[in-house]
**Q** 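My structure is below; once you've seen it, I'll send some questions.
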There are 2 protein chains.
Amino acid sequence: MSEEPEQQEQSSAKGTSRGDHAYTALKEKLIRGAFRPGEKLTVRKIAQDFGLSSTPARDALNRLVTERALIYAGPKTVVVPSLTLSQLREVTDMRLALEGLAAEKATEKFPVGALDRLENIQGRINAALDQKDYPEALWANKEFHFLLYGYSNMPILVATIEQLWLRIGATLNDLYPGFAITRSGANNHRAAMEGLQNHEPAEVRAAIETDIRDGYRQLRRVISERLSEK
Amino acid sequence: MSEEPEQQEQSSAKGTSRGDHAYTALKEKLIRGAFRPGEKLTVRKIAQDFGLSSTPARDALNRLVTERALIYAGPKTVVVPSLTLSQLREVTDMRLALEGLAAEKATEKFPVGALDRLENIQGRINAALDQKDYPEALWANKEFHFLLYGYSNMPILVATIEQLWLRIGATLNDLYPGFAITRSGANNHRAAMEGLQNHEPAEVRAAIETDIRDGYRQLRRVISERLSEK
DNA sequence: CTCGATTTTTTGTTGCATCAAATACTGAAA
DNA sequence: TTTCAGTATTTGATGCAACAAAAAATCGAG
């Protein structure tokens, strides 16, 4: 009964259990687009792929389902989600609100010395685009955004944003093999970095919002085309 | 075995398993403040309380941990989170962004006929306050907000907001037994309902934001006092 | 009495067998 | 060929026991 609030660890020092490993591995595969939307995931398949029994595998799947990185398609079938237009719009609205907030807060605390790191990642994005390595470009793009957001010192916010990226990751990679990252993104990123250098939160937010909206319009077009041709 | 007639209604397309039952029951207990911040939750205790084995109980706990409704306090201890000032500020910033968005979108699609339902809940809040039944007032307050947000037709957004409420639920109930819902909240709710009637999204958003900020200031004060007296 | 080491208990994790439900499959009848 | 009933297989869920690690309790030395 006598309880005293202890110091909380924010980074949730998760134990290195097998289930946790499968969970994080699945998340990365989802963001990297290793699964196709609509692909069915079964407990025993996951268990076999990761070399563990069904209990931790089902564990990982259930966790992904609760945070909507995977969804129920039927009584006994979890599948990789494929976004509808309405869901894309919803996620985009949320991204504008949350990533805009993260961009602002990050700008306030941004150490100018960290600009090099962003430049570095942007270089990787450009290089990947030159080589038409779009998965790598997508991944580097994710690193750019989350490196920026991390400087907000708002871990709950960053984790929530990551859930949104998870939600659209598979669809992005599947529908969008060659155009997920366009050159226009580089302009937005450059504008963001300029704003960071001058400590202008509104400027950085605007740049990020434009980046999100650019991606939204392109994704919307591809989804619409797919729907109309079906 | 046990022949308890479990009534599992609705639950939409989601699988309704015993683990899911424990999961949702724990969530409700968390929001209702049945647990105190810092309270340690063990797998076997949960399993015993809900009359099931350790597997689904651990399942439910792990899911709560991944969405940060519970947190790791040590290698083998999950506890009910107690907010620090910095975490309260972070959650509040996120609530302003997300619940403000939900309020706006809900207003656009709000059917005027539903005003009665909101009035009804507000009546329950007032009645509970009269009887000093603060847990019930808190619960009805949650229903008011989420009934409103539901009209946004943005399920991902609503689920994300619920996660934030989960995050602060325990602290709210523990630190704040008698003042979590003040009469000032009624004014904000009334302003929101007026805005809904007139289809003024900005008005409703402003009312909800004021509601959130009012709660923030009071919670901040209580947390500060607790910190200073230690 | 205090402190540190050792033993005991608690607790999370995992593998596995089993159950019930859902799906796939087979084959016969129309 | 199509359809549908009945069977076999797949699959998620659950309980249980064993294991390892951490926490708690115990005990002994100073």
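Protein chains get the first letters and strands the later ones, always in sequence-line order, with residue 1 at the start of each. What you see is a predicted model, and the numbers here were worked out from it, not measured in a lab.
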**Q** Which nucleotide sits closest to the side chain of A/Ser17: C/dT14, D/dA13, D/dG12?
**A**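 It is C/dT14.
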
**Q** Nearest whole Å is fine: how far is C/dG12 C1' from B/Leu61 CG?
**A**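 Checked: the CG to C1' distance equals 10 Å.
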
**Q** Going by an N to O cut-off under 4.0 Å, is there a salt bridge joining B/Lys27 and B/Glu162?
**A**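 Answer for the salt bridge query: yes.
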
**Q** Just to verify, what does B/Arg220 make a salt bridge (charged side-chain N to carboxylate O under 4.0 Å, His left out) with, not counting sequence neighbours?
**A**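 Expected list: none.
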
**Q** Can you measure B/Leu64 atom CG to C/dG12 atom P for me and round it to whole angstrom units?
**A**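 Taking CG of B/Leu64 and P of C/dG12, I get 14 Å after rounding.
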
**Q** Return the set of residues passing side chain to side chain contact (heavy atoms under 4.5 Å, CB included) with B/Ile31 (not counting sequence neighbours), or none when no residue passes.
**A**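 By the side chain to side chain contact (heavy atoms under 4.5 Å, CB included) rule, B/Ile31 matches B/Trp139, B/Lys142, B/Leu166.
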
**Q** Could you go over nucleotides 21-25 of chain C and give all protein N or O partners under 3.5 Å, atom names and distances?
**A**
unit_1	atom_1	unit_2	atom_2	d
C/dA21	N3	A/Lys76	NZ	3.2

**Q** Run the side chain to side chain donor-acceptor pair (under 3.5 Å) test against A/Asp49 and tell me which residues pass, sequence neighbours left out.
**A**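 By the side chain to side chain donor-acceptor pair (under 3.5 Å) rule, A/Asp49 matches A/Lys45.
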
**Q** For B/Glu143, which residues count as a salt bridge (charged side-chain N to carboxylate O under 4.0 Å, His left out) partner, sequence neighbours excluded?
**A**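 For B/Glu143 the salt bridge (charged side-chain N to carboxylate O under 4.0 Å, His left out) partners, ignoring immediate neighbours, are B/Arg124.
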
**Q** Taking atom P of D/dG12 as reference, at what distance in whole Å does atom CG of A/Leu70 sit?
**A**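 One finds 12 Å between P of D/dG12 and CG of A/Leu70, rounded.
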
**Q** A/Glu104: what forms a salt bridge (charged side-chain N to carboxylate O under 4.0 Å, His left out) with it, not counting sequence neighbours?
**A**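 If we apply the salt bridge (charged side-chain N to carboxylate O under 4.0 Å, His left out) test to A/Glu104, skipping adjacent residues, the hits are A/Arg205.
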
**Q** Between C1' on C/dT18 and CZ on B/Arg18, what's the gap in Å once rounded to a whole number?
**A**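 Rounded to the whole Å, the gap is 15 Å.
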
**Q** Tell me, please, which residues at least two apart from B/Lys109 pass side chain to side chain donor-acceptor pair (under 3.5 Å).
**A**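 With neighbours one apart ignored, the set is empty.
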
**Q** Only counting residues at least two apart or in another chain, list the ones meeting salt bridge (charged side-chain N to carboxylate O under 4.0 Å, His left out) with A/Asp59.
**A**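 With sequence neighbours excluded, A/Asp59 shows a salt bridge (charged side-chain N to carboxylate O under 4.0 Å, His left out) to B/Arg58, given in chain and number order.
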
**Q** Under the side chain to side chain donor-acceptor pair (under 3.5 Å) test, which residues partner B/Arg32, sequence neighbours left out?
**A**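 Per chain and number, B/Arg32 pairs via side chain to side chain donor-acceptor pair (under 3.5 Å) with B/Glu28.
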
**Q** Going by the ring-ring contact (aromatic ring centres under 6.0 Å, His included) test, which pairs reach into residues 150-174 of chain A, not counting sequence neighbours?
**A**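 For residues 150-174 of chain A: A/Phe110-A/Tyr151, A/His145-A/Trp165, A/Phe146-A/Trp165.
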
**Q** Which residues in residues 44-60 of chain A have at least one heavy atom lying under 4.0 Å from any atom of DNA chain C?
**A**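 Here the set is A/Leu52, A/Ser53, A/Thr55, A/Pro56.
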
**Q** CD of B/Glu108: more than 12 outside heavy atoms within 6.0 angstrom?
**A**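 Yes.
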
**Q** Please map the stems of DNA chain C, keeping only stretches of three or more Watson-Crick or G-U wobble pairs with both distances under 3.5 angstrom.
**A**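 The stems that DNA chain C takes part in, listed by first number, are C:1-30 with D:1-30.
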
